[in-house]
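Atoms considered below: every heavy atom in the structure, side chains included; atoms not considered: hydrogens, waters and symmetry mates.
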Amino acid sequence: MTAAIVANDLVKRFDSVLAVNGVSLSIPKGEIFGLLGPNAAGKSTTIRLLAGIMVLDGGTASVLGYDLLTESEAIKRRIGYVAQHFALYAELTAAENLAFYSRIYDGCDTGDQEAILEKYGLTPYAGLRAGILSGGYKRRLAIACALSHDPELLFLDEPTAGIDPVTRKELWDIFYSLATSGKTLFVTTHYMEEAERCNRLGFINQGRLVAEGTPSDIKASFGDKLVYACRHRYDPDAAHSLQQIVGVHVINQFGDELRIIADRSVSTDDIAKAIQPGTATENRIQIVEPNIEDVFITMTGNEGT
């Protein structure tokens with residue numbers, strides 16, 4: 001399958017900070033690629049480099065077959081970009097914003113603009129100023145504007161940040177529809193549940209790509225570590241005791257469920273004694289399959305981020 005993006009050893013510095021450190025990616029056309037990372041990991045910088053908004057300090061890339069260094073203007077005409085923060089004109093109506101962005105790209109005519117507003121559920125709000133729309137409809141409008149010139153590739157920088165779960169699901173239905181139509185989507189996020197929705201993922205931490213592949217591939221690359229789970233309410237004393245066990249890497253509380261990521265040298269008996277000292281070890285502690293969050297925290301949580 002033809003690649004929409006091929007990036008080799010991307011580098012970006014901000015004074016003494018190495019924001020992107022040797023990132024290499026190959027993203028096929030027509031897939032949803034998710035780039036996950038903690039805050040300040042380099043997600044937004046990577047997406048801005050590939051969109052031609054920032055200039056590389058090192059490395060090479062081609063986007064839709066065009067060289068990022070020498071043909072960035074050709075790339076910009078063929079991509080759409082939705083910024084992390086609301087970047088439309090708050091005083092213009094939804095319809096006026098769409099018309100403005102369409103003219104910039106020599107995109108759709110008035111009839112097509114009306115069709116786009118209808119497609120993304122914006123027709124009832126077409127005459128309202130963009131600044132007073134809800135967060136979800138602001139995101140819909142930003143996506144509609146980014147698609148006004150029918151781009152082949154859409155960059156979405158944390159498109160569902162601060163959005164309720166129902167609206168988030170509706171936006172992902174839109175993303176799937178776009179991918180099905182043949183468009184490529186590059187999404188940055190720090191929501192673990194969104195990772196499972198992507199065709200492939202990359203984990204970025206401190207500017208470096210630390211994992212890449214399908215969600216299944218990434219979970220399978222967990223290595224020799226195990227995930228232990230049991231029903232146990234949060235107890236600071238138990239957490240402290242677990243931290244003293246050599247080989248325990250992560251202690252993660254989910255309501256009444258306690259998840260412990262540890263080396264295989266750590267036994268269920270070791271964990272039981274730590275969380276219930278002086279009692280029987282029958283805690284219903286089980287070894288469970290790792291989820292994306294288990295892998296993500298293990299790969300990115302031990303480096304000070």
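Salt bridge absent: Lys169 and Glu193 never bring a charged side-chain N and a carboxylate O closer than 4.0 Å. Salt bridge present: Asp150 and Lys183 bring a charged side-chain N and a carboxylate O closer than 4.0 Å. Ion pairing between Glu293 and Arg259 fails under the 4.0 Å rule for side-chain N and carboxylate O.
Remark: the backbone N or O of Arg200 is not paired with any side-chain donor or acceptor of Thr214 at under 3.5 angstrom. Not one N or O on the side chain of Asp263 forms a donor-acceptor pair closer than 3.5 Å with the backbone of Ser265. Using modelled atom types, one side-chain atom of Thr300 and one backbone atom of Phe296 make a donor-acceptor pair closer than 3.5 Å. For Gln244 (side chain) and His240 (main-chain N/O), a donor-acceptor pair under 3.5 Å exists by modelled atom type. For Ser62 (side chain) and Gly65 (main-chain N/O), no donor-acceptor pair under 3.5 Å exists by modelled atom type. A distance-only check finds no donor-acceptor pair linking the side chain of Ser177 to the backbone of Asp173 [under 3.5 Å]. The main-chain N or O of Glu152 is never found under 3.5 Å from a side-chain atom of Arg78 such that the two would form a donor-acceptor pair. Arg208 places no side-chain N or O within donor-acceptor distance of the main-chain N or O of Asn21, the cut-off being under 3.5 Å. Although no hydrogens or angles enter the test, the distance criterion places no donor-acceptor pair under 3.5 Å between the side chain of Ser102 and the main chain of Ala99. Looking only at distances, no side-chain donor or acceptor of Ser26 sits under 3.5 Å from a matching main-chain atom of Val6.
Ring planes of Phe100 and Tyr89: perpendicular class, angle over 60° (limits at 30 and 60°). Phe33 and Phe186 have tilted rings, their planes meeting at an angle from 30° to 60° on a 0 to 90° scale.
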Could you please spell out the steps behind the side-chain contact (heavy atoms from CB on, under 4.5 Å) verdict for Met54 and Phe14?
-> CA-CA 11 Å; Met54 291 180 174; Phe14 297 103; 3.9 Å; yes
Decide side-chain hydrogen bond (donor to acceptor under 3.5 Å, both in side chains) for Arg140 and Tyr125; before the verdict, give the C-alpha distance in whole Å, the side-chain angles of both, and the deciding distance to 0.1 Å.
-> CA-CA 11 Å; Arg140 286 172 181 261; Tyr125 311 100; over 6 Å; no
Give the intermediate values and the outcome of side-chain contact (heavy atoms from CB on, under 4.5 Å) for residues Asp157 and Tyr81.
-> CA-CA 8 Å; Asp157 195 0; Tyr81 173 75; 4.2 Å; yes
Going through the distances and angles, do Arg139 and Glu170 end up as a salt bridge (charged side-chain N to carboxylate O under 4.0 Å, His left out)?
-> CA-CA 11 Å; Arg139 295 288 184 180; Glu170 292 172 350; over 6 Å; no
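For the pair Val227 and Glu289, the minimum side-chain heavy-atom distance is 4.5 Å or more. The side-chain heavy atoms of Val288 and Tyr228, taken from C-beta on, include no pair separated by under 4.5 Å. Within the 4.5 Å cutoff, no side-chain heavy atoms of Asp235 are placed close to those of Ile275. Between Val187 and Arg197 the shortest side-chain heavy-atom distance does not fall below 4.5 Å. At least one side-chain heavy atom of Phe254 sits less than 4.5 Å from a side-chain heavy atom of Asn252. Side-chain contact between Leu171 and Ile143 is present, with at least one heavy-atom pair separated by less than 4.5 Å.
The two residues Asp256 and Arg233 have their closest heavy-atom pair at OD1-CG, 3.4 Å. Of all non-hydrogen atoms in Ala130 and Asn97, the two that sit nearest each other are CB-ND2, 3.5 Å. Taking both residues in full, the closest heavy atoms of Ala61 and Leu10 are given as CB-CD2, 4.1 Å, listed atom of the first, atom of the second, then distance. Here the closest heavy-atom approach between residue Leu201 and residue Ala195 is recorded as CD2-O, 3.3 Å. Phe175 and Ile32 make their closest contact through O-CD1, 4.0 Å (heavy atoms, listed as atom of the first residue, atom of the second, distance).
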